[in-house]
Amino acid sequence: MEVIVKETYEQVSCLAAQMVADQVRRKPRSVLGLATGSTPIGTYAELIRMHKEEDLDFSQVVTFNLDEYVGMAPVQEQSYRYFMNDKLFNHINIRKENTYVPDGLAGDIPAACEAFEEAILEHGGIDIQILGIGGNGHIGFNEPGSSLSSRTRVKTLNAATRADNSRFFATPDEVPRYAVTMGIGTIMDADHIILLANKESKAAVIAAAVEGPLTAMCPASVLQLHPSVVVITDKAAAGLLRGEYPTAPHTLVVK
Ligand code: F6R
């Protein structure tokens, strides 16, 4: 696990976007795993800027999103499909048919989950997966106690997650109770993972995920076992880390 601590959220976002852009330039048919939530919004804004000002080309890129609420239609503003269109896809030259978000309205959700997993494999697997982290350690909607080898499936959202996400709904009762989420095993299959966190409210969970014991009660801690994870945080989210971490990625300079 490589941990990079930046001064500000803007710097976190720029570094993450730079890593994604490098991947897309190196391999135009890249498969990106994407997250919703507040954390990656700055990264997406920077990718949009790079597309508009630096010709970053998404025409061959394929994306898979981590999760979607069950029962939520793409036209509903709180749906993750709506979020992705609004925050990224509508502003870059990606082909919408190359953007996969789990279908919260599928009649047969288990079959849709299986098809989602198959689509990832058909596209050759995820090159880079972007993750945020829940205050309870969830990644995707893999709540504490999730199986560390789980695949895409329906999960019941726990009370803390529903309370966190109630900020996007008129009343807390409107927050859905179930979501389709990539499994932890699915996430761990990605070649590279970038975990983003900012704000003091994430300091305890970042310390648990990065330096704490590996436990299903903090699902993000399993990332310690992945061979290529970069955790990028701002100073506030790094506030409870005990190790010393650099402010820039390791780069091997060969002369
Ligand atoms: C979103 C997702 C969640 C969020 C997490 C953090 O697709 O999978 O795991 O990344 O809940 O959310 P924010 O960024 O809003 O703090």
Side-chain angles (χ1 to χ4, degrees), residues 9-10 12-13 16-17 32-45 63-70 72 74 76-89 99-104 113 116 126 128-146 148 150-169 175-188 190 193-206 208-209 216-223 229 231-234 236-238:
Y9 173 67
E10 287 66 32
V12 169
S13 303
L32 305 178
L34 301 177
T36 62
S38 320
T39 312
I41 290 177
T43 303
Y44 298 153
T63 64
F64 287 89
N65 261 82
L66 284 166
D67 39 22
E68 179 62 282
Y69 290 119
V70 170
M72 193 74 84
Q76 288 177 267
E77 282 184 26
Q78 296 97 341
S79 78
Y80 286 176
R81 162 55 75 181
Y82 187 99
F83 176 101
M84 288 310 304
N85 287 346
D86 186 46
K87 299 288 187 248
L88 184 63
F89 301 151
T99 65
Y100 294 79
V101 178
D103 182 0
C113 291
F116 189 82
I126 292 172
I128 295 191
Q129 174 69 56
I130 303 274
L131 295 176
I133 183 169
N136 62 8
H138 73 211
I139 46 177
F141 273 135
N142 296 285
E143 300 286 31
S146 294
L148 298 182
S150 47
R151 312 303 304 185
T152 303
R153 69 212 182 293
V154 173
K155 284 296 287 179
T156 305
L157 303 183
N158 72 14
T161 298
R162 292 187 69 232
D164 269 358
N165 290 3
S166 64
R167 64 191 194 275
F168 301 112
F169 293 82
V175 184
R177 291 178 186 278
Y178 304 99
V180 177
T181 180
M182 269 189 209
I184 297 178
T186 323
I187 292 169
M188 290 292 279
I193 295 177
I194 302 175
L195 173 69
L196 303 173
N198 65 303
K199 295 193 182 149
E200 199 184 337
S201 57
K202 296 288 172 70
V205 78
I206 281 294
M217 290 313 285
C218 178
S221 65
V222 75
L223 299 175
V229 177
V231 179
I232 313 175
T233 77
D234 67 356

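In what follows, residues are counted from 1 in the order of the sequence shown. Start at 1 and go down the list; that is how both ligands and their atoms are numbered.
Between the side chains of Asn198 and Thr233, no donor N or O sits under 3.5 Å from an acceptor N or O. Judged purely by distance below 3.5 Å, without hydrogens or angles, the side chains of Tyr69 and Tyr80 pair a donor atom with an acceptor atom.
For CD of Gln76, the number of neighbouring non-hydrogen atoms (other residues, nucleotides, ligands) closer than 6.0 Å is greater than 12.
Looking at every heavy atom in both residues, Glu143 comes nearest to Asn136 through OE1-ND2, 2.9 Å. When all heavy atoms of Pro74 and Tyr82 are compared, the closest pair comes out as O-CB, 3.3 Å. Across every non-hydrogen atom of Ile133 and Ala209, the tightest pair is CD1-CB, 3.9 Å.
Among protein heavy atoms, the minimum distance from atom 3 (C) of ligand 1 is reached at Gly140 O, 3.6 Å. Nearest protein heavy-atom contact of atom 10 (O) of ligand 1 is Gly132 CA, 3.3 Å. Protein heavy atom in closest approach to atom 5 (C) of ligand 1: His138 NE2, 3.4 Å. Regarding atom 6 (C) of ligand 1, its nearest protein heavy-atom neighbour is Ile133 O, 3.4 Å. Here the protein heavy atom with the shortest distance to atom 8 (O) of ligand 1 is Asp67 OD2, 2.6 Å. Among protein heavy atoms, atom 14 (O) of ligand 1 sits closest to Thr39 OG1, 2.4 Å.
Using a non-hydrogen distance threshold of 4.0 Å, Lys202 registers as a contact of ligand 1. The shortest heavy-atom distance from Arg167 to ligand 1 is under 4.0 Å.
Taking a cut-off of under 4.0 Å to the non-hydrogen atoms of Leu66, the atoms of ligand 1 that pass are 8 (O). Residue Gly37 approaches ligand 1 through these ligand atoms, each under 4.0 Å from one of its heavy atoms: 14 (O), 15 (O).
For a threshold of 3.5 Å applied to N or O pairs, the pair formed by Pro40 and ligand 1 contains no separation below that value.
Interatomic distance, Ile184 CD1 to Asn142 CG, rounded to the nearest 0.5 Å: 4.5 Å. Here the CZ-CG distance, from Arg177 to Asn158, works out to 12.0 Å after rounding to the nearest 0.5 Å.
The proximity of Thr36 to ligand 1, defined as any non-hydrogen pair under 4.0 Å, involves the side chain as well as the backbone.
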